[in-house]
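Worksheet for the structure shown next.
Remember, it's a predicted structure, so these values are computed and weren't measured experimentally. Within every chain, numbering begins at 1; the chains are lettered A, B, ... in the order of the sequence lines, protein sequences first and strands thereafter.
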Number of protein chains: 2
Amino acid sequence: MLSQSIEDYLKAIYEVESSEGKVSTSALSEKLGVSPASVTSMVKKLSERKLITHKRYQGVKLTPAGKKIALEIIRHHRLVELYLKEALGVPWDQVHQEAEKWEHVLSEDLEDRIDKFLGYPVTDPHGSPIPRRDGTMIVRQCNALVDVEPDTLVKVVEVSDHDPELLRYLGGIGLYPETEMTVVSKQPFKGPIIVELTGKEHPIGRNAAKYIMVEKARN
Amino acid sequence: MLSQSIEDYLKAIYEVESSEGKVSTSALSEKLGVSPASVTSMVKKLSERKLITHKRYQGVKLTPAGKKIALEIIRHHRLVELYLKEALGVPWDQVHQEAEKWEHVLSEDLEDRIDKFLGYPVTDPHGSPIPRRDGTMIVRQCNALVDVEPDTLVKVVEVSDHDPELLRYLGGIGLYPETEMTVVSKQPFKGPIIVELTGKEHPIGRNAAKYIMVEKARN
DNA sequence: AAATTATTTTAGCCTTGTCTAAATTTCTTT
DNA sequence: AAAGAAATTTAGACAAGGCTAAAATAATTT
């Protein structure tokens with residue numbers, strides 16, 4: 001049995017690796033809210049257990065064994081997020097927080113029951129793909145909203161779950177995964193991006209727009 | 001925020017107090033699966049925090065503050081047990097094990113959602129009363145099956161959840177809370193108790209019969 | 001290329017919750 | 001009531017996982 005701490009580190013390493021490519025001590029320190037020194041010592045332990053590889057002063061990388069565990073935790077997390085929303089009506093900006101705790105206590109049996117209850121879903125409430133039981137996960141081709149040219153019809157694929165406030169705002173304007181919308185304009189001087197959905201125009205800050213992944217809609 | 005360990009101790013103290021009256025170091029050691037020395041040191045900490053009172057070499061007792069927390073945990077535990085059975089079909093001999101983990105990660109919000117989903121239930125799948133949100137719990141008048149005289153019609157009130165194997169046996173013969181049955185005979189020399197339900201007779205060992213609480217059925 | 005700055009690691013300490021072994025205290029038996 | 005047995009506490013150690021301060025290395029600027 002792995003400690004909750006180890007599970008958190010493996011998940012964080014996976015996520016940093018996905019979004020930034022390289023996994024530095026300071027990135028993990030930041031992400032996990034612990035000191036860099038603590039990261040170094042945990043990194044040493046994870047290396048000894050062959051869950052990651054590590055070259056001093058360079059980054060860290062998951063071994064296949066470590067990756068498998070990270071994806072199991074992420075699978076738990078995303079299944080729980082969707083379950084809480086579907087079965088108990090928890091709003092989408094709160095599910096992440098709850099799932100952070102539940103992901104560590106989910107038995108395989110319960111995982112299967114929840115999976116079945118949900119009809120073997122492939123994405124969570126934020127549009128993130130749910131890893132499969134075998135430790136594989138689909139990879140999608142999409143762009144950040146911030147990089148899309150104006151006058152394009154796009155479909156929302158995924159929204160980062162890291163900021164509840166952003167999620168409440170987006171929910172308020174009806175922007176969810178699968179929603180289609182038009183990128184109307186990008187205001188100059190790093191101003192907001194204007195999108196149109198359900199007939200109304202809404203501003204979305206450039207920073208927020210980095211966390212909204214979209215694909216060109218079939219038109 | 002209290003540690004999982006502290007929550008486990010408070011719950012154990014409450015349960016031992018209920019079933020044995022006095023709470024000794026060794027009883028807690030046994031119940032929690034830790035050494036007596038560990039119990040002593042945790043007892044010291046809980047006393048300092050005014051969650052229990054303790055006189056050296058005599059027992060331990062919950063303060064009102066400690067009791068409130070214990071009942072909150074037990075409320076979580078029992079709500080989760082019932083929820084897992086009702087919403088996800090987890091068999092009644094497995095819900096206890098799962099709830100042992102879930103009770104520590106349940107937010108107040110989720111507690112309320114589950115409570116509402118279940119229609120504000122008053123007992124868990126084993127017939128144990130669910131403490132109310134305000135920290136009170138109903139106390140029922142009932143007897144252990146082992147103490148009932150033969151030739152009595154009784155109704156099952158509650159079954160201990162501590163032994164999954166016993167629960168599987170009882171489920172197999174259709175013995176659940178609310179079930180009515182007749183105590184046919186008590187075999188001599190500490191032999192089993194014979195009960196009749198749904199037209200069949202079944203033997204129940206004296207030891208098991210200590211863990212089955214019943215009341216006289218209205219006849 | 002040297003100096004400064006930023007990142008990472010080492011060293012050493014702390015807290016939590018556990019353990020074993022030994023010392024106390026209480027209980028039980030004779 | 002004294003001896004032996006059982007229960008409890010004390011003393012001291014350990015593993016996990018965190019921290020700070022200082023040292024080492026890498027990256028950047030001048």
Side-chain angles (χ1 to χ4, degrees), chain A residues 1-17 19-62 66 69-70 73 100-101 103-105, chain B residues 1-17 19-62 66 69-70 73 100-101 103-105:
Chain A
M1 206 44 209
L2 298 169
S3 69
Q4 171 162 340
S5 222
I6 288 179
E7 292 184 348
D8 283 336
Y9 272 89
L10 293 175
K11 187 169 68 129
I13 291 167
Y14 183 92
E15 285 169 356
V16 172
E17 199 170 320
S19 72
E20 336 223 317
K22 211 187 139 204
V23 185
S24 66
T25 299
S26 49
L28 287 176
S29 159
E30 163 88 7
K31 178 134 192 157
L32 291 162
V34 299
S35 71
S38 300
V39 172
T40 299
S41 80
M42 180 58 101
V43 156
K44 207 178 141 208
K45 175 188 292 186
L46 295 176
S47 296
E48 278 161 9
R49 295 214 197 177
K50 314 265 192 212
L51 296 171
I52 63 177
T53 54
H54 178 227
K55 280 184 231 122
R56 287 168 83 254
Y57 291 99
Q58 293 171 230
V60 126
K61 201 172 171 322
L62 290 170
I69 293 165
I73 305 300
E100 285 288 300
K101 299 181 295 183
E103 64 192 8
H104 302 293
V105 300
Chain B
M1 206 46 208
L2 298 169
S3 70
Q4 171 162 340
S5 222
I6 287 179
E7 292 184 349
D8 283 336
Y9 272 88
L10 292 175
K11 186 169 69 129
I13 292 167
Y14 183 92
E15 286 169 356
V16 172
E17 199 170 320
S19 73
E20 336 222 316
K22 213 186 138 205
V23 185
S24 66
T25 298
S26 49
L28 288 175
S29 158
E30 162 89 7
K31 178 133 191 158
L32 291 161
V34 300
S35 72
S38 300
V39 172
T40 298
S41 81
M42 180 58 100
V43 156
K44 207 178 141 207
K45 174 187 292 186
L46 296 176
S47 296
E48 279 160 9
R49 296 214 198 176
K50 314 267 192 212
L51 297 171
I52 62 177
T53 55
H54 178 227
K55 281 184 230 122
R56 286 167 84 254
Y57 291 98
Q58 293 170 231
V60 127
K61 201 171 169 327
L62 290 170
I69 293 165
I73 305 300
E100 285 289 300
K101 298 181 295 182
E103 65 192 8
H104 302 293
V105 300

For this session: Applying side-chain contact (heavy atoms from CB on, under 4.5 Å), run through B:D8 and B:I73 and close with a yes or a no.
Result: CA-CA 8 Å; B:D8 283 336; B:I73 305 300; 5.9 Å; no

Exercise. So which one's nearest nucleotide on DNA chain D is more toward 5', A:Q58 or A:R49?
Worked result: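 Its nearest nucleotide lies further toward 5', so the answer is A:R49.
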
Exercise. So where does chain A start and stop touching DNA chain C, 5' to 3', when the test is distance under 4.0 Å to a non-hydrogen atom?
Worked result: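 In short, chain A contacts DNA chain C from C:dT8 to C:dT10.
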
Exercise. So how far is it from A:K61 NZ to A:I13 CD1, rounded to the nearest 0.5 Å?
Worked result: 11.5 Å

Hey, does [X] reach any base, or is it just sugar-phosphate, or nothing, if we go heavy atoms under 4.0 Å?
X	answer
B:T40	base
A:S5	sugar-phosphate
A:K44	nothing

Nucleotide [N], atom [atom2] - distance to [atom1] of [X] in whole Å:
X	N	atom1	atom2	result
A:E7	D:dA16	CD	P	16 Å
A:D8	D:dG18	CG	C1'	14 Å
B:E30	D:dA6	CD	P	16 Å
A:Y57	D:dT28	OH	C1'	17 Å

For this session: Please tell me which of B:M42 and A:P36 maps to the more 5' nucleotide of DNA chain C, matching each residue to the nucleotide holding its nearest heavy atom.
Result: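 Counting from the 5' end, the first nearest nucleotide belongs to A:P36.
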
Between [X] and [N], does any side-chain N or O lie under 4.0 Å from OP1 or OP2?
X	N	result
A:S35	D:dC19	yes
A:R56	D:dA24	no
A:S38	D:dG18	no
B:S41	D:dT9	no

For this session: Look at the side chain of B:K31 and the backbone N and O of B:A12, then say whether any donor-acceptor pair between them is shorter than 3.5 Å.
Result: no

For this session: Assess whether side-chain contact (heavy atoms from CB on, under 4.5 Å) is satisfied between A:H104 and A:K11, documenting all intermediate values.
Result: CA-CA 11 Å; A:H104 302 293; A:K11 187 169 68 129; 5.7 Å; no

Problem set entry | Heavy-atom closest pair, residues B:S35 and B:S29 |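 Taking every non-hydrogen atom into account, C-OG, 3.8 Å.
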
Exercise. Which heavy-atom pair separates B:Y9 from B:L46 by the least distance, and what is that distance?
Worked result: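 Closest heavy-atom pair between B:Y9 and B:L46: CB-CD1, 3.9 Å.
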
For this session: Hey, could you give me each pair passing salt bridge (Lys or Arg N to Asp or Glu O under 4.0 Å) that has a residue in residues 42-52 of chain B? Not counting sequence neighbours.
Result: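 Pairs touching residues 42-52 of chain B that pass the test: none.
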
